Amino acid sequence: MIHLKSEEEIELIRQSSLLVGKTLAEVARVIGPGITTKALDKVAEEFILDHGAKPGFKGYHGFPATLCVSVNEVVVHGIPSHRELKDGDIVSVDCGVVMNGYYGDSAFTFAVGEVDAKVVALVETTRQSLEQALEKAVAGNRIGDIGYAVQSFVEARGYSVVRDLVGHGLGRNLHEAPEVPNYGRRGTGARLQPGLVIAIEPMINLGTKSVVQERDGWTIRTADRLPSAHFEHDVVVRQGQAEVLSTFEFIDEVLKSRN
Ligand code: MG
Ligand code: MG
């Protein structure tokens with residue numbers, strides 16, 4: 001069942017989503033060659049706890065960490081570890097928090113050092129595909145319009161869309177109805193209504209769309225081990241224009257100051 005949110009609920013989701021954006025900016029400050037993915041997780045967890053919230057992923061179906069840190073061919077759900085990042089890696093960092101009973105959930109793909117131009121283009125196209133999707137998250141459209149926007153944009157540029165994992169509704173639960181696929185047909189699926197809060201999160205691959213799960217029960221990687229990128233925003237469907245509740249503003253500021 002789809003639960004449309006009141007303005008009071010939207011405000012609480014906004015606060016949680018904002019904290020996720022600030023947490024990812026803390027990750028942006030320290031990410032680089034030589035740091036372990038576990039060290040990134042520690043930075044995020046401490047920042048979230050210091051701000052009166054709780055990590056949204058830790059303990060969710062038994063997930064062991066605050067962040068999902070997914071390097072190169074890992075699409076999503078990478079478990080932080082003692083692996084050191086190295087020059088040329090791309091890293092999807094996905095973060096959730098829960099505060100005052102409501103979740104925020106957002107992800108950003110970082111480039112570590114000098115990344116191959118082909119892979120940089122994948123990352124940039126994935127971020128742009130999220131922008132394309134946001135434009136369709138308006139009242140009167142359908143879920144399929146969002147997926148179509150992502151799919152048509154990235155496939156025209158030679159990339160593929162992961163089918164096995166999708167975006168989702170968001171609120172008192174991390175994952176609520178409806179599912180929000182990154183592929184689809186225009187004019188199909190549930191009608192978008194004002195007050196619907198969804199996480200839109202394109203997962204785009206350089207090669208095949210096929211993915212496999214590693215034996216740890218979490219890590220999802222591309223079947224051909226080519227890189228994958230991932231960006232995620234929380235948005236509320238409005239009349240005329242979607243309102244984005246999460247933000248990359250703090251991340252972009254940090255990355256700009258580090259260049
Ligand atoms: Mg997420
Ligand atoms: Mg999500």
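When a ligand or atom number is given, it counts from 1 through the structure's own listing order. Keep in mind it's a predicted model, so treat the numbers as computed, not measured. By convention here, the first residue in the shown sequence is residue 1.
Rounding to 10 degrees, one finds that the Mg ion (ligand 2) sits at the corner of an angle of 90° between H168 NE2 and E201 OE2. D94 contributes OD2 and D105 contributes OD1; the angle these two atoms make at the Mg ion (ligand 1) is 150°, rounded to 10°.
A salt bridge links E46 with K42: the closest approach of a Lys/Arg side-chain nitrogen to an acidic carboxylate oxygen falls below 4.0 angstrom. The pair D234-K5 fails the salt-bridge criterion, with no side-chain N (NZ, NE, NH1 or NH2) lying under 4.0 Å from an Asp/Glu carboxylate O. The pair R142-D145 does not meet the salt-bridge criterion, since no charged nitrogen lies less than 4.0 angstrom from a carboxylate oxygen.
Between the side chains of H233 and S246, at least one donor-acceptor pair of N or O atoms lies under 3.5 Å.
The atom of E232 nearest to the Mg ion (ligand 2) is OE2, with the search restricted to N, O or S atoms.
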